[in-house]
Amino acid sequence: LLLGGAAAGVGAAALVGADSLLNTRSTPPLGETPGAAAHGGQTVPFHGTHQAGVETPPQAHGKFVAVDLAEDVDAEKIRRLLTLLSDDAAKLTQGKAALADSEPELAFVPARLTVTFGFGPGLVDRVPGVPAPAWLKPLPEFSVDRLRPEWNSGDLLMQICADDPLTVSHAARMLIKDTRAFGTVRWTQDGFRRAYGAEPDGTTMRNLMGQVDGTVNARPDTDAFETMVWEPRDNPEWLHGGTGMVVRRIAMDLDEWDRLDRPGREESVGRRLFDGAPLTGGTEHDEPDFDALTPLGFPRIAEYAHIRRARSDNPDEQVFRRAYNYDVPTLGDEGQDAGLIFVSYQSDVDLQFVPIQRRLDELDLLNEWISPIGSAVFAVPPGCAEGGFIGETLFP
Ligand code: HEM
């Protein structure tokens, strides 16, 4: 019975073409499924030189799922798993039902769905003869870290993002089902930004501390971005066209943050809360003047300010940030469990990310209210052409 239902669902999905996805009819003729409204029908191509979900303007919702592979999963099984996953991700991102989709109607609103795969060291090591990039390992320990094992590491990462939470949930369910015979879910992190349409496109996101977060970040269509994210550097050949990914779950102590006054909050970062402009004036995207002094002779942007500490003149020390907020329900007097799913893309994690995190570890006033509780590093392989699969370059 169950199988019959799934098969019928796949059949119905095949009947629904791309045109009807954009159709907003409220009473579809028999045999068709109501499609998505203008925005829900938007798709991001799955196939291409690079995987989607890195350059893609961040969608409103993001789910990060890390899977641990079972002990008996060898290279051949990895290949099968990646083929399955790529096939379903290719379909779902285009608003089509997954292969054995039990709820095919949920697939018909892609809402810019992207699925981005990342490989942990535990996956790459299982493919004989394939070298791992030197940086594909846990980050060094930092004194600010309060890492909990349940948020660390993972063999396979799926970053599932869309502008609709139902779409994300369904895609995740389909993809996790694909992984069932190969491993178990190690952790899942749910993140959000403003709802689609709540702010004009291109508005920099706000984090839960109220700060404008993401102002100084390379734009995907620039040379700076190309170098930061896609430049192969010393990466092995199978990773060319791909990049490195850091996922850090950073808890915010919002109750303590509540006790700080507004000037203190602005000084901790070096930017105004209202519009994200530097404390030395201007508007959000104006350059901060790090030499400016207060009338008393102190630096206007303090030595301990996050933006002073995070900035580097070294062109190698740059990362592309694509973070999401998290806020998990709590009970009783547990206090709020909220923070930032910090995600950065860079082609060499050791060269680009680690020195920044090291500086922030040494001095950053924000450390008073934030603590990294999870940390993972993944290699994001290149994209694939139609008929190919993500990770195929591991199997030349
Ligand atoms: C800038 C917040 C963690 C690297 C900023 C800004 C804010 C902010 C408000 C200023 C606006 C902007 O340019 O985006 C936070 C919060 C964090 C966090 C709340 C943790 C919960 C990190 C981490 C790193 C990082 C872990 C990297 C290791 C940067 C960089 C900039 C920045 C590179 C731009 C600095 C510049 O002006 O050149 N962050 N951040 N941040 N942050 Fe963070």
Side-chain angles (χ1 to χ4, degrees), residues 58 135 139-140 142-147 151 189 191 193 203-219 224-225 228-229 244-254 256-257 260 265-280 282-290 301-302 304-327 336-346 349-377:
W135 48 260
L139 293 175
F142 300 101
S143 66
V144 287
D145 286 356
R146 301 287 176 271
L147 302 186
W151 297 120
Q189 305 194 36
R193 294 172 162 233
T203 305
T204 312
M205 90 154 196
R206 278 189 193 264
N207 62 39
L208 290 168
M209 290 169 122
Q211 303 151 347
V212 176
D213 189 347
T215 302
V216 177
N217 215 9
R219 283 172 45 127
F225 184 95
M228 199 179 294
V229 178
M245 179 185 193
V246 170
V247 183
R248 305 263 287 166
R249 188 173 181 86
I250 306 180
M252 293 173 171
D253 188 344
L254 292 175
E256 274 302 309
W257 180 247
L260 186 67
R265 290 174 173 212
E266 295 187 328
E267 272 192 31
S268 66
V269 168
R271 289 184 175 274
R272 284 203 305 241
L273 284 163
F274 173 66
D275 58 359
L279 289 183
T280 45
T283 57
E284 186 195 342
H285 291 282
D286 286 335
E287 268 299 292
D289 176 358
F290 288 107
I301 295 174
Y304 50 68
H306 182 72
I307 61 165
R308 189 188 280 276
R309 300 297 299 165
R311 181 162 295 202
S312 173
D313 295 334
N314 181 343
D316 281 336
E317 295 176 14
Q318 315 281 344
V319 300
F320 177 67
R321 293 174 289 141
R322 198 180 188 278
Y324 280 87
N325 298 303
Y326 76 83
D327 183 6
Q336 194 169 356
D337 181 4
L340 192 72
I341 307 172
F342 174 94
V343 177
S344 71
Y345 289 99
Q346 56 281 297
V349 173
D350 280 348
L351 187 74
Q352 297 171 255
F353 175 87
V354 171
I356 307 176
Q357 180 64 81
R358 210 164 254 147
R359 268 202 313 280
L360 296 178
D361 193 37
E362 281 162 11
L363 178 67
D364 173 10
L365 193 60
L366 270 193
N367 291 340
E368 295 290 316
W369 304 277
I370 61 174
S371 350
I373 57 170
S375 185
V377 177

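Counting starts at 1 for both ligands and their atoms, following the listed order. Numbers here simply count residues along the sequence, with the first being 1.
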> Of all the heavy atoms in Gly214, does at least one lie under 4.0 Å from an atom in ligand 1?
Replying inline: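 The answer is yes: ligand 1 sits under 4.0 Å from a heavy atom of Gly214.
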>> When you measure from the heavy atoms of Arg321 to every atom of ligand 1, does any distance fall below 4.0 Å?
In response: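 The answer is yes: ligand 1 sits under 4.0 Å from a heavy atom of Arg321.
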Is any side-chain heavy atom of [Y] closer than 4.5 Å to one of [X]?
X: Pro58; Y: Tyr324; result: yes
X: Ile356; Y: Ser312; result: no
X: Met209; Y: Leu260; result: no
X: Asp289; Y: Pro278; result: no

Which one of [options] has a non-hydrogen atom at the shortest distance from [atom]?
atom: atom 38 (O) of ligand 1; options: Glu287, Arg271, Arg311; result: Arg311
atom: atom 9 (C) of ligand 1; options: Val212, Val343, Val354; result: Val212
atom: atom 29 (C) of ligand 1; options: Ala310, Pro372, Pro288; result: Ala310
atom: atom 23 (C) of ligand 1; options: Trp257, Phe353, Phe342, Phe290; result: Phe342

Taking only heavy atoms of [X], which atoms of ligand 1 are found under 4.0 Å from at least one of them?
X: Leu360; result: 23 (C), 24 (C), 25 (C), 27 (C), 28 (C)
X: Gln357; result: 26 (C), 28 (C)
X: Gln211; result: 2 (C), 9 (C), 19 (C)
X: Ile250; result: 20 (C), 21 (C), 26 (C)
X: Ile307; result: 10 (C), 37 (O)

How far is [atom] from its nearest protein heavy atom, and which residue and atom name does that atom have?
atom: atom 12 (C) of ligand 1; result: Thr215 N, 3.2 Å
atom: atom 16 (C) of ligand 1; result: Leu366 CD1, 3.8 Å
atom: atom 20 (C) of ligand 1; result: Ile370 CD1, 3.5 Å
atom: atom 17 (C) of ligand 1; result: Leu340 CD2, 3.9 Å

>> Does only the side chain of Asn207 get under 4.0 Å from ligand 1, or the backbone, or both, or neither? Count heavy atoms.
In response: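 Side chain only.
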> What part of Val216, side chain, backbone, both or neither, has a heavy atom within less than 4.0 angstrom of ligand 1?
Replying inline: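 Within the 4.0 Å criterion, Val216 contacts ligand 1 through backbone and side-chain atoms alike.
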> Between the side chains of Thr204 and Glu284, is a donor N or O closer than 3.5 angstrom to an acceptor N or O?
Replying inline: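 Checked: Thr204/Glu284 side chains pair up, N/O donor to acceptor below 3.5 Å.
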> Is there a donor in the side chain of Ser344 and an acceptor in the side chain of Arg321, or the other way round, less than 3.5 Å apart?
Replying inline: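 No donor-acceptor contact under 3.5 Å links the two side chains.
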>> Please check: side-chain N/O of Arg359 versus main-chain N/O of Ala310, any donor-acceptor pairing under 3.5 Å?
In response: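 Looks like yes, one N/O pair under 3.5 Å.
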> Ignoring hydrogens and geometry, is there a side-chain-to-backbone donor-acceptor pair from Arg308 to Phe290 under 3.5 Å?
Replying inline: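 Flag set: sc Arg308 to bb Phe290 pair under 3.5 Å.
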>> How long is the straight-line distance from OG1 of Thr215 back to CG of Asp213, given to the nearest 0.5 Å?
In response: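 So the CG of Asp213 and the OG1 of Thr215 are separated by 7.5 Å.
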>> Restricting to N, O or S atoms, which atom of His306 is closest to atom 43 (Fe) of ligand 1?
In response: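 Result for His306 and atom 43 (Fe) of ligand 1: NE2.
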>> Can you tell me how the ring of Phe320 sits relative to the ring of Phe225, calling it parallel under 30°, perpendicular over 60° and tilted otherwise?
In response: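 Rings of Phe320 and Phe225: perpendicular, as their planes differ by over 60°.
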>> Between Arg248 and Asp145, does any NZ, NE, NH1 or NH2 come within less than 4.0 Å of an OD or OE carboxylate oxygen?
In response: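 Arg248 and Asp145: salt-bridged.
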